Amino acid sequence: MTSGAVVNIPWDALSADALAGVIDDFVTREGTDYGHREFDLDAKREAVRRQLTSGRARITYDTQTQTTTIVVASD
């Protein structure tokens, strides 16, 4: 079995539609935790977008599973 690599994808390297798709995929996943408060879909989208643009989160692509996700950026 070949080990895949995880590649960081700059949010601003994606088209507006591609970025919206990655964000929508992330915020609509089961198990995504937003704490004790409920947020509507637009609020979740905007929160993730702010985290990406501020550098607190990043988009990654796993070459083995061919999946994209958003993760908390590490220092």
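A quick note: this is a predicted structure, and the numbers were derived from the prediction, not measured.
Interatomic distance, Glu46 CD to Asp40 CG, rounded to the nearest 0.5 Å: 11.0 Å. Remark: Leu52 CG to Asp12 CG distance equals 10.0 Å, nearest 0.5 Å. From Arg45, atom CZ reaches atom CZ of Arg50 across 14.0 Å, with rounding to the nearest 0.5 Å.
Partners of Asp62 under the salt bridge (Lys or Arg N to Asp or Glu O under 4.0 Å) rule, at least two apart in sequence or in another chain, do not exist in this structure.
The two residues Tyr61 and Thr68 have their closest heavy-atom pair at CD1-OG1, 3.4 Å. For Thr69 against Arg29, the heavy-atom pair with the smallest separation is OG1-NH1, 2.7 Å. When all heavy atoms are compared, the tightest approach of Arg58 to Ala73 is NE-CA, 3.9 Å. Pairing each heavy atom of Asp25 with each of Thr28, the nearest pair is O-OG1, 3.5 Å. When all heavy atoms of Ile70 and Ala57 are compared, the closest pair comes out as CG2-CB, 3.9 Å.
For the pairing with Ile59, the side-chain contact (heavy atoms from CB on, under 4.5 Å) check across Leu19, Asn8, Val71 returns one residue only, Leu19.
Note on Val22 and Val6: separate hydrophobic clusters, where clusters join Ile, Leu, Val, Met, Phe, Trp and Tyr whose side-chain heavy atoms are under 4.5 Å apart, directly or indirectly. Placement of Val72 and Phe26 in two distinct hydrophobic clusters is found when ILVMFWY residues are connected by side-chain heavy-atom separations under 4.5 Å, directly or transitively.
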